[in-house]
Number of protein chains: 2
Amino acid sequence: MSGMRGSPSKPLTASTVLETAKAHVRRFGEAKTNVVDVARAMGVSHAALYRFYPSRSAIMDAIVEEAMNDEARLAAEHVETDGPAAEKLAALLLDLHRRKRERFLGDREIHDLYRRIVVERPDMIAAYSERITSLVARLIDKAVSKGEWKVDDTGVAAGVVRDAATTYVHPAFVAQLVTAGAPVETMLRATVSTLARAFEAGVRYKSPAADGQTRQLRARGRAAATQSARASAKQE
Amino acid sequence: MSGMRGSPSKPLTASTVLETAKAHVRRFGEAKTNVVDVARAMGVSHAALYRFYPSRSAIMDAIVEEAMNDEARLAAEHVETDGPAAEKLAALLLDLHRRKRERFLGDREIHDLYRRIVVERPDMIAAYSERITSLVARLIDKAVSKGEWKVDDTGVAAGVVRDAATTYVHPAFVAQLVTAGAPVETMLRATVSTLARAFEAGVRYKSPAADGQTRQLRARGRAAATQSARASAKQE
DNA sequence: CAAATTACAATCTATGAAATCTGTAACTTC
DNA sequence: GAAGTTACAGATTTCATAGATTGTAATTTG
């Protein structure tokens with residue numbers, strides 16, 4: 001009378017709960033996924049799930065967090081690859097875009113859940129965004145080290161890339177662009193070409209006043225420069 | 001028993017209906033603005049308003065359209081100004097951003113209405129977006145003519161600018177950024193610096209294969225080049 | 001007869017009671 | 001006693017219906 005369906009295939013862990021919940025969201029959508037049904041599918045009572053997740057919404061958050069981790073891992077792979085920075089950046093952003101597009105087209109219910117989280121959980125989005133942005137910062141850092149790109153402040157540069165690419169990566173925009181049949185990949189490539197051209201030609205974000213220091217910062221570690229940029233960017 | 005409040009101050013035209021409706025939306029929000037109340041405020045029966053607008057939602061659309069026209073006029077002013085293209089572009093986008101921010105902070109109900117339209121009326125947004133993008137294209141065109149910027153295809157370049165600036169101009173993002181206290185203007189300036197640097201250094205969007213033709217297009221009219229870019233951008 | 005009103009059908013929204021779902025705590029089992 | 005169940009209070013959602021709003025057409029008015 002313990003696990004009719006759950007015990008052999010589903011050992012009842014945080015991860016199996018997550019998988020079962022995800023399967024239900026896929027089939028019935030977020031609104032019609034309740035903890036009682038998820039628990040029943042695992043052959044346990046709904047209260048048992050609260051051992052692993054403090055609330056239903058924590059489960060939903062976890063589903064989206066998993067997707068975000070996937071994307072961050074994907075982005076990290078591109079950063080650690082060798083090759084021209086412009087191509088790495090284009091590949092990174094295109095891959096990120098394709099993930100969202102695939103979710104929108106082939107996994108609509110998960111996409112919808114993701115979209116809700118984007119609207120309702122600015123904290124989660126901010127964390128995700130910072131994660132991706134710092135990966136982009138590292139990509140730029142490396143290009144600067146190699147002398148491929150000339151950028152004053154990789155933190156600011158990464159922010160520019162993030163903002164310019166948001167249109168192609170934000171779930172709501174992806175949905176809109178794909179629905180409208182826009183030539184997204186061509187447009188994204190044009191954006192990356194433009195950014196890369198600027199970085200290649202050299203961009204200066206810091207005020208020309210602190211010029212002597214800029215040289216030093218360029219020569220030394222990138223982390224410090226990035227740090228100062230982030231710090232100085234919290235006012236207004 | 002005809003016009004108690006309306007007749008003298010409000011001659012009952014499309015424009016006075018619009019103003020009255022807008023005032024009601026400002027005070028009570030879109031949801032609590034009904035045509036009966038708007039008509040009563042003008043001293044007429046609600047059916048009289050249908051002479052000017054075919055439906056309640058047409059009135060709401062018109063309120064947003066008016067705001068959009070305002071923004072387009074503002075943008076057009078910057079395009080027709082003389083001066084360095086980078087500064088014109090920065091001023092244009094900063095002004096556009098500030099309009100949205102002011103609406104968000106000082107005219108919240110209108111901002112909310114605008115936001116709903118952005119979500120529910122992709123057609124209106126597409127028209128607005130094309131309008132602004134073509135103004136940006138003209139700005140770029142002029143810079144190219146003066147030899148200030150070197151761009152292959154001003155239509156594509158304008159699209160890149162539009163996508164990069166969307167984060168700063170889209171009502172939902174403006175709300176988010178302002179709420180989070182982000183250093184928006186600094187970030188927007190960094191984005192514009194980057195784009196300007198690229199255009200200054202020269203960007204090529206067309207495939208290097210059709211190189212001989214590219215030269216010709218550069219020398220001749222911009223409209224044709226822009227046109228071809230738009231046309232070739234409708235597939236994928 | 002142009003402009004507006006009144007009257008009304010169709011649609012949409014607000015309301016509240018019934019049902020469902022979430023989250024917790026006391027209880028059971030291995 | 002760790003893992004899980006049952007039982008239950010409080011919150012949330014559903015559903016039916018009353019009420020309000022929209023849009024139109026016939027009618028009145030200057």
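Scope of the values below: all heavy atoms of this structure, side chains included, with no hydrogens, waters or symmetry mates. A, B, ... follow the sequence lines: proteins, then strands. Residue 1 opens every chain.
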For Ser57(B), all residues meeting side chain to side chain donor-acceptor pair (under 3.5 Å), sequence neighbours excluded
Ser55(B)
For Lys32(A) and dA19(C), give me the distance from atom NZ to atom P, rounded to whole Å.
20 Å
Quick one: Arg51(A) CZ to dT5(D) P, roughly how many Å, whole number?
10 Å
Between Thr167(A) (side chain only) and Asp163(B) (backbone N and O only), is there a donor and an acceptor less than 3.5 Å apart?
yes
In whole Å, what is the span from the CZ atom of Arg40(A) to the C1' atom of dG4(D)?
17 Å
Can you pull the side chain to side chain donor-acceptor pair (under 3.5 Å) pairs that have at least one residue in residues 27-36 of chain A, sequence neighbours excluded?
Glu30(A)-Arg116(A)
In whole angstrom, what separates Met42(A)'s CE from dA3(D)'s C1'?
14 Å
ring-ring contact (aromatic ring centres under 6.0 Å, His included): which pairs involve residues 14-50 of chain B, sequence neighbours left out?
His24(B)-Phe28(B)
How sharply is the helix from dC1(C)-dG30(D) to dC30(C)-dG1(D) bent, taking the axes over five pairs at either end and rounding to 10 degrees?
10°
Only counting residues at least two apart or in another chain, list the ones meeting side chain to side chain donor-acceptor pair (under 3.5 Å) with Asp82(B).
none
Determine which pairs satisfy ring-ring contact (aromatic ring centres under 6.0 Å, His included) with at least one residue from residues 173-193 of chain A, sequence neighbours left out, and list them in order.
His170(A)-Phe173(A), Phe173(A)-His170(B), Phe173(A)-Phe173(B)
State which residues pass side chain to side chain donor-acceptor pair (under 3.5 Å) with Thr194(B); sequence neighbours excluded, sorted by chain then number.
Tyr205(A)
Can you pull out every ring-ring contact (aromatic ring centres under 6.0 Å, His included) where at least one residue sits in residues 99-134 of chain B? Sequence neighbours excluded, please.
Phe104(B)-His111(B)
Anything under 3.5 Å between a protein N or O and an N or O of nucleotides 12-19 of chain D, put it in a table, one pair a line.
none

Partners passing salt bridge (Lys or Arg N to Asp or Glu O under 4.0 Å) against Arg51(A) (at least two apart in sequence or in another chain):
none
Nucleotide by nucleotide, nucleotides 22-30 of chain C touches protein heavy atoms under 4.0 Å in the pattern (B base, S sugar-phosphate only, - none) BBB------
Residue pairs, two or more places apart or on separate chains, that pass salt bridge (Lys or Arg N to Asp or Glu O under 4.0 Å) and touch residues 14-24 of chain B:
Glu19(B)-Lys22(B), Lys22(B)-Glu66(B)
Between P of dA2(D) and CG of Leu12(A), the distance in whole Å:
17 Å
